[in-house]
Amino acid sequence: MPYSLLDLSPVPEGFTAADAISNTIDLARHAEGWGYSRYWMAEHHNMPGIASAATAVLISLVAQATERMRVGAGGIMLPNHAPLTVAEAFGTLATAFPDRIDLGLGRAPGGDGAVIRALRRDPMADSFPQDVVELLDYFGPERPGATVRALPGEGTEVPVWILGSSLFGAQLAAHLGLPYAFASHFAPGDLEQALAVYRDRFRPSRWNEKPRAMLAINVFAADDSDDAHYLRTTMQLAFARLRTGMPGKLPRPTRDLDAEITPQMRRMVDQALRITAVGNREQVRDQLAALIETHEPDEVILTGQIHDHAARLRSFEIAAGAMQDL
């Protein structure tokens, strides 16, 4: 089964955005050697712990630093952009890096109301389905007589994925015949129903003859199981701080998580992050196998917010080996 990597280009406490970007490029080079199929980055705004706000720019840097692996967005938050702007950016990427660029599209803003206003977007507008169709047309066959064309972009047929954590994205992806990636790594509540809706309602298209679903899984792997659970506390802390309105740089791990967050918050965090594999290689392999058996994805995309870059490298290396064991 193809396995990919989702990197938010985290900015750890004690480090800078420049460090985060350097770490992303380093991780991408390693990931290619470990057999990852895709390397995706996500658009977030106004968050001191994430350095991937200008997602297309970072995609360009990663594509230039690698040779074969597909590179893309998981995703671009389409409500923030005019479809033509996205088509031109990703058409340029696809022209520079043929057959290597993916475009995942999300419906969320990737920030709060202040961010929406700063992006000069209408917070009440909801034209996501129409914008997706418009974007697909820009990537389609050449249209010499069209009033507006994406140049570069026209004729590149950049593969478009719909991202989602609800039934809306599943229905849209099925209706358009597009592949679907579910954000189960942080919002698994509708996972089973969304995948069922997508598969049941899928309509073959010129892009896909049958459904193609991707499952997002958090992975925290280390040679020692206790170390893996220790590494995981970074993401648990970060998620708790985000949910309580205190986002910041990626926190250092802790040996006493319960001293940092309340029992109620711990339960909420662990429920939200339940699609997770944590432990040594054998434990991670078995947990990944169980998730794959339960949800039957066509692909998986692995992610994991880890403070120490060397430990993050090792985690994704172990995870790749675990996937190869399946």
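Note that these values count all heavy atoms, side chains included, but never hydrogens, waters or copies made by symmetry. Along the sequence shown, residues carry numbers from 1.
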(message) Under a 3.5 Å cutoff, is there a donor and acceptor pairing between the side chains of Asp19 and Thr16?
(response) yes
(request) Could you check Thr66, Leu27, Val71 and say which one makes a side chain to side chain contact (heavy atoms under 4.5 Å, CB included) with Glu32? (result) Thr66
(request) Return the minimal non-hydrogen interatomic distance between Arg266 and Ile261, and the atom names on each side. (result) CA-CD1, 3.8 Å
(request) May I ask you to test the Leu8-Leu250 pair for a side-chain heavy-atom distance under 4.5 Å? (result) no
(request) Answer yes or no: is there a donor N or O on one side and an acceptor on the other, between the side chain of Arg285 and the main chain of Leu326, under 3.5 Å? (result) no
(request) Check whether any side-chain heavy atom of Pro297 lies under 4.5 Å from a side-chain heavy atom of Met214, and answer yes or no. (result) no
(message) Are more than 12 heavy atoms, taken from residues, nucleotides or ligands other than Gln193, located less than 6.0 Å from that residue's CD atom?
(response) no
(request) State the CZ-CD1 distance between Arg70 and Ile59, to the nearest 0.5 angstrom. (result) 11.5 Å
(message) I need the Phe202 CZ to Leu178 CG distance, nearest 0.5 Å.
(response) 7.5 Å
(request) Any ring-ring contact (aromatic ring centres under 6.0 Å, His included) involving residues 207-238? Give me the pairs, sequence neighbours left out, ordered by first then second residue. (result) none
(request) Please examine the side chains of Val219 and Leu288, heavy atoms only from C-beta on, and report whether any two atoms are closer than 4.5 Å. (result) yes
(request) Give every residue pair that meets the ring-ring contact (aromatic ring centres under 6.0 Å, His included) criterion with at least one member in residues 254-275, sequence neighbours excluded. (result) none
(request) Check whether any side-chain heavy atom of Tyr138 sits under 4.5 Å from a side-chain heavy atom of Glu88, and report yes or no. (result) no
(request) Under the salt bridge (Lys or Arg N to Asp or Glu O under 4.0 Å) rule, what do Arg143 and Asp137 come out as? Steps first, then yes or no, please. (result) CA-CA 9 Å; Arg143 302 183 301 166; Asp137 286 343; 5.0 Å; no
(request) Look up atom CE in Met235 and atom CG in Leu242, then write down how far apart they are to the nearest 0.5 Å. (result) 10.0 Å
(request) Decide yes or no on salt bridge (Lys or Arg N to Asp or Glu O under 4.0 Å) for Arg314 and Glu317, but give the supporting numbers first. (result) CA-CA 5 Å; Arg314 182 60 179 147; Glu317 181 183 15; 3.1 Å; yes
(request) Indicate yes or no: does Arg312 engage Asp26 in a salt bridge with an N to O separation below 4.0 Å. (result) no
(message) Can you confirm whether Asp99 is buried at CG, in the sense that more than 12 heavy atoms of other residues, nucleotides or ligands lie under 6.0 Å from that atom?
(response) no
(message) Could you report the tightest heavy-atom contact between Leu5 and Ala31, atom names first, then the distance?
(response) CD1-CB, 4.0 Å
(message) For a 4.5 angstrom cut-off between non-hydrogen side-chain atoms, does Phe316 reach His30?
(response) no
(request) Taking the side chain as every heavy atom from C-beta outward, state whether His45 and Met77 have any pair of such atoms under 4.5 Å apart. (result) no
(request) Measure the shortest side-chain to side-chain distance between Arg243 and Val269 over non-hydrogen atoms and say whether it is less than 4.5 angstrom. (result) no
(request) Quick one: pull up CG in Asp102 and CG in Leu93 and give me the separation to the nearest 0.5 Å. (result) 11.0 Å
(message) When you measure from the side chain of Thr294 to the backbone of Ala290, do you find a donor-acceptor pair of N or O atoms at a distance under 3.5 Å?
(response) yes
(message) Around atom NE2 of His175, are there more than 12 heavy atoms from other residues, nucleotides or ligands closer than 6.0 Å?
(response) no
(request) Answer yes or no: is there a donor N or O on one side and an acceptor on the other, between the side chain of Arg274 and the main chain of Pro188, under 3.5 Å? (result) yes
(request) To the nearest 0.5 angstrom, please state how far the CE atom of Met268 sits from the OG1 atom of Thr262. (result) 8.5 Å
(request) Mind listing the closest non-hydrogen atom pair of Ala221 and Ile318 along with its distance? (result) CB-CG2, 3.6 Å
(message) Can you see whether Gln283 engages Ser225 through a side-chain donor-acceptor pair at a distance of less than 3.5 angstrom?
(response) yes
(request) State, to 0.1 Å, how close Ala311 and Ile306 come at their nearest heavy-atom pair, and which atoms those are. (result) CB-CG2, 4.0 Å
(message) Main chain of Thr254, side chain of Thr233: is a donor-acceptor contact present, judged purely on distance under 3.5 Å?
(response) yes
(message) Can you see whether Gln324 engages Tyr3 through a side-chain donor-acceptor pair at a distance of less than 3.5 angstrom?
(response) yes
(message) Once rounded to the nearest 0.5 Å, what's the spacing between atom OG1 of Thr244 and atom CE of Met246?
(response) 3.5 Å
(request) Would you mind listing every ring-ring contact (aromatic ring centres under 6.0 Å, His included) that reaches into residues 140-165, with sequence neighbours excluded? (result) Trp40-Trp161
(request) For atom CD of Gln130, decide whether the heavy atoms of other residues, nucleotides or ligands shown that lie under 6.0 angstrom number more than 12. (result) yes
(request) Measure across Leu6 and Gly74 and return the closest heavy-atom pair with its distance rounded to 0.1 Å. (result) CD1-O, 3.8 Å
(request) Would you check if Phe15 and Asn23 make a side-chain contact, meaning some heavy-atom pair closer than 4.5 Å? (result) no
(request) Please confirm whether the backbone N or O of Leu215 pairs with a side-chain atom of Ser184, one donor and one acceptor, at under 3.5 Å? (result) no
(message) Pairing donors with acceptors under 3.5 angstrom, does anything connect the side chains of Ser52 and Ser9?
(response) no
